Visitor: 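My structure is below; once you've seen it, I'll send some questions.
Everything numeric here is computed off the predicted structure, so don't read it as measured data. Whatever order the structure lists ligands and atoms in, that order sets their numbers, starting from 1.
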Amino acid sequence: MKQIILPDGRELCYELIRKRVKNINFRIKEEGVVMVSASPKVPIKYIEQCLAKRADFFFGAFEKIKARKAAQTKSTESVKWLGKELPIKIIENSRETAVFDENECRVFTRDFGTENVQNLIRATKAERFKALCAELNEQVRAELKAKGLEPPPAVITIKEMKSRWGSCSYARGHISVNLRLADFPRETVLSVFWHEYAHFWHHDHSDRFYRFLLDMFPDYHKYNDVLKTG
Ligand SMILES: [Zn+2]
């Protein structure tokens, strides 16, 4: 293995193979070494000039390899989704998206950097949670109607909140749901919807409120109490 020192002090390693190629070929080797194949006629000095000229490209490629390796060793990391820990699997692909299924979270990307991977997962999580909230909202409204109650029109807003899992502005017909609920089981998210809808009829946390809530969703404490310990 040979080495050249660049004007800025960086060291670039390369391995030279002489063979009957047209001019010079460069190939990146995993360990951060450039493989050079060159015709016996090409002088070393010229080869090293070419390497120095392309140095930024080579170091950029080494960084990418390093980031990919780091991401792969972190494959034991997981994402919380509806009460499950989904292991993260990174697949090299230009789709730039994350997909959640029953058993894993697959990230399709060309950029294995942690920040990019986390951003793709966050976007999918928010999108899937939004769809789930729309579904649960419809479910609660349908059950209320089936029990002869007419729920007022409600606008659902999903946002990250620090101190509350949900809130209901009954006067404005607004329900806010904490995005962090996406970590918890579906029924726990449902329990928050029932709680907030109950506030349309009872504005405080009185006994009457809880009687109404438990009448509508008898498993309320079973699923909602996990939020108190979390
Ligand atoms: Zn409340």
Side-chain angles (χ1 to χ4, degrees), residues 77-88 97-107 114-230:
E77 272 190 17
S78 58
V79 55
K80 276 192 182 172
W81 172 244
L82 299 185
K84 281 187 178 179
E85 289 273 352
L86 301 180
I88 299 167
T97 189
V99 175
F100 294 2
D101 67 23
E102 284 293 303
N103 305 308
E104 64 183 8
C105 163
R106 275 168 291 143
V107 181
T114 309
E115 202 188 326
N116 178 59
V117 169
Q118 290 303 327
N119 283 342
L120 293 172
I121 291 171
R122 206 174 298 129
T124 295
K125 200 174 180 179
E127 198 181 296
R128 291 279 306 266
F129 188 66
K130 193 179 165 192
L132 174 74
C133 285
E135 202 183 302
L136 296 178
N137 185 48
E138 284 312 309
Q139 185 182 332
V140 168
R141 296 182 72 84
E143 285 182 36
L144 283 165
K145 282 177 188 169
K147 287 181 168 138
L149 292 162
E150 188 52 51
V155 176
I156 310 296
T157 307
I158 297 155
K159 56 185 177 188
E160 256 184 86
M161 290 186 274
K162 281 203 178 112
S163 57
R164 325 164 77 170
W165 294 110
S167 67
C168 176
S169 311
Y170 38 83
R172 291 190 296 135
H174 261 138
I175 289 176
S176 292
V177 179
N178 197 334
L179 177 59
R180 286 169 54 213
L181 282 168
D183 294 357
F184 294 90
R186 180 193 160 96
E187 287 75 13
T188 299
V189 188
L190 180 62
S191 74
V192 172
F193 268 87
W194 275 115
H195 180 116
E196 302 313 331
Y197 262 96
H199 279 312
F200 282 124
W201 284 271
H202 301 279
H203 300 168
D204 51 14
H205 291 126
S206 61
D207 289 348
R208 284 169 63 210
F209 166 84
Y210 278 106
R211 234 175 293 141
F212 178 89
L213 180 52
L214 292 173
D215 189 33
M216 294 294 151
F217 189 54
D219 285 335
Y220 178 77
H221 288 297
K222 179 181 168 188
Y223 294 119
N224 197 264
D225 285 0
V226 298
L227 297 175
K228 285 164 190 160
T229 55

Visitor: Can you name the nearest heavy-atom pair linking A98 to L120, along with the distance?
Guide: CB-O, 3.6 Å
Visitor: Using the ring centroid of each side chain, check whether F209 and F212 are separated by less than 6.0 Å.
Guide: no
Visitor: Can you list everything that forms a ring pair (Phe, Tyr, Trp, His ring centres under 6.0 Å) with Y210? Sequence neighbours excluded, please.
Guide: none
Visitor: Which protein atoms of type N, O or S are found under 2.8 Å from the Zn ion (ligand 1)?
Guide: H195 NE2, H199 NE2, H205 NE2
Visitor: Under 6.0 Å between the ring centres of H199 and Y170?
Guide: no
Visitor: Would you say CD of E127 has more than 12 non-hydrogen atoms from neighbouring residues, nucleotides or ligands within 6.0 angstrom?
Guide: no
Visitor: Do you know which two heavy atoms are closest between V226 and Y223, and how far apart they sit?
Guide: CG2-O, 3.3 Å
